[in-house]
Amino acid sequence: MFACAKDDPSHSTTTIASAMNNRANRPLGPEVDDTSPAKFPNRLSMKGRFITLEPLANSHVDDLFAAIGGSESTYLWDYVPGEGPFSDKAGFDAYFERQRSSVARVFYAAIDNATLKAAGLACFLNINPTNRVVEVGHVVFSPSLQRSSAVTETMYLMARATFEESGYRRYEWKCDNLNETSKRAATRLGFTPEGLFRQHMIVKGRNRDTMWFSMLDSEWPVVKAGFERWLDPSNFDDAGKQKQRLEALRELEREAHE
């Protein structure tokens with residue numbers, strides 16, 4: 001039989017001392033210097049050389065339907081959870097209004113600076129100011145802008161706002177594990193793969209295993225410098241083709257920061 005504390009005071013003292021010692025030796029995470037919450041992402045425009053991000057407004061809806069709606073754009077929505085495709089304008093208008101009026105997510109229209117027309121969407125979601133965590137997602141661009149400098153600049157502008165304007169510690173990217181394009185984009189942009197969440201969601205009647213990626217505030221200075229070197233006009237030839245890859249420039253910055 002075990003003795004209780006009132007039966008054996010010395011045992012109680014020993015147990016408390018042992019517990020305190022174990023507590024002292026238990027590994028804990030580093031203290032966070034600033035535990036104040038992040039700011040909720042703002043709904044202000046962000047202007048770059050190739051793209052301008054504007055909070056969704058009714059003036060964007062017709063351009064966006066032309067760019068990413070209609071039956072010819074069905075494939076753009078294959079991996080977007082719970083939304084699309086939109087073969088008719090009425091369905092797209094209803095979807096657009098839900099996103100424009102959302103208080104939980106912050107949606108932006110991506111305006112092509114060359115045409116001044118909205119040609120894509122992106123948003124901040126799963127916004128957690130208390131823990132200073134936010135996700136970028138719902139990224140849908142017209143075929144004319146995919147794999148363009150404008151998309152890279154969009155991601156730069158949103159990451160910069162995340163870390164420098166709103167004060168988040170962690171920036172997340174999640175995608176269907178079957179979406180190889182999205183996974184390649186995440187690593188190219190500087191996100192670190194973290195692992196696979198199996199059977200994470202049911203999307204449009206199908207299983208989705210979700211791959212998680214993240215970028216941390218401590219990593220942002222190197223990632224930012226890589227972005228800015230890549231986006232600099234000197235990195236493009238007269239035909240607009242890149243001279244050096246984003247990943248290579250980021251690695252140069254990482255070596256310089258070590």
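Since this is a predicted model, take the numbers as computed values, not measurements.
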If you group Ile, Leu, Val, Met, Phe, Trp and Tyr whenever their side-chain heavy atoms sit less than 4.5 Å apart, what else falls in with Leu64?
->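 For the cluster that includes Leu64, the remaining residues are Leu56, Val61, Phe65, Ile68, Tyr75, Leu76, Trp77, Val80, Phe86, Phe92, Tyr95, Phe96, Phe107, Leu121, Val140.
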Check which hydrophobic residues are tied to Tyr79 through side-chain heavy-atom contacts below 4.5 Å, counting indirect links as well, and list them.
->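 Leu178, listed by chain and number.
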Taking the side chain as every heavy atom from C-beta outward, state whether [X] and [Y] have any pair of such atoms under 4.5 Å apart.
X: Val151; Y: Gln146; result: no
X: Ser182; Y: Asp176; result: no
X: Leu145; Y: Ile51; result: yes

Got a second to check how far [X]'s [atom1] is from [Y]'s [atom2], nearest 0.5 Å?
X: Tyr168; Y: Arg132; atom1: OH; atom2: CZ; result: 10.0 Å
X: Leu125; Y: Asn128; atom1: CG; atom2: CG; result: 12.0 Å
X: Thr192; Y: Leu216; atom1: OG1; atom2: CG; result: 7.0 Å
X: Thr162; Y: Trp220; atom1: OG1; atom2: CH2; result: 8.5 Å
X: Asn235; Y: Lys241; atom1: CG; atom2: NZ; result: 12.0 Å

Would you say Lys89 has more than 12 foreign heavy atoms packed within less than 6.0 Å of its NZ?
->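 Enclosed: over 12 neighbouring heavy atoms sit under 6.0 Å from NZ of Lys89.
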Arg250 side chain vs Ala225 backbone, donor-acceptor pair below 3.5 Å |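 No, the answer is negative, given that no donor and acceptor are paired below the 3.5 Å cut-off.
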Between [X] and [Y], does at least one N-O distance fall below 4.0 Å, as a salt bridge requires?
X: Lys183; Y: Glu180; value: yes
X: Glu153; Y: Arg49; value: no
X: Glu194; Y: Arg170; value: yes

Do [X] and [Y] share a hydrophobic cluster (ILVMFWY, side-chain heavy atoms under 4.5 Å, transitive)?
X: Leu157; Y: Ile127; result: yes
X: Phe50; Y: Met155; result: yes
X: Phe40; Y: Phe163; result: yes
X: Leu252; Y: Leu231; result: yes
X: Met46; Y: Ile111; result: no

Quick one: list whatever passes salt bridge (charged side-chain N to carboxylate O under 4.0 Å, His left out) with Arg229, sequence neighbours left out.
->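 Per chain and number, Arg229 pairs via salt bridge (charged side-chain N to carboxylate O under 4.0 Å, His left out) with Glu253.
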Take Trp173 and Leu189, measure what side chain to side chain contact (heavy atoms under 4.5 Å, CB included) needs, and give me the verdict at the end.
-> CA-CA 10 Å; Trp173 176 296; Leu189 294 168; 3.7 Å; yes
For the residue pair Asn207 and Asp209, confirm or rule out a side-chain donor-acceptor distance under 3.5 Å.
->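 Yes, a side-chain donor-acceptor pair sits under 3.5 Å.
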Side chains of Glu172 and Asn126: do they bring a donor and an acceptor to under 3.5 Å?
->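 Distance-only check fails for Glu172 and Asn126.
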Apply the test side chain to side chain donor-acceptor pair (under 3.5 Å) to residues Ser218 and Arg169: give CA-CA distance (whole Å), side-chain angles for both, the deciding distance (0.1 Å), then the verdict.
-> CA-CA 8 Å; Ser218 59; Arg169 302 175 65 230; over 6 Å; no
Aromatic ring centroids of Trp230 and Phe236 under 6.0 Å?
->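 Yes, the ring of Trp230 comes within the 6.0 Å limit of the ring of Phe236, centre to centre.
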Ring centres of Phe191 and Tyr171 under 6.0 Å apart?
->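 So the answer is yes for these two rings.
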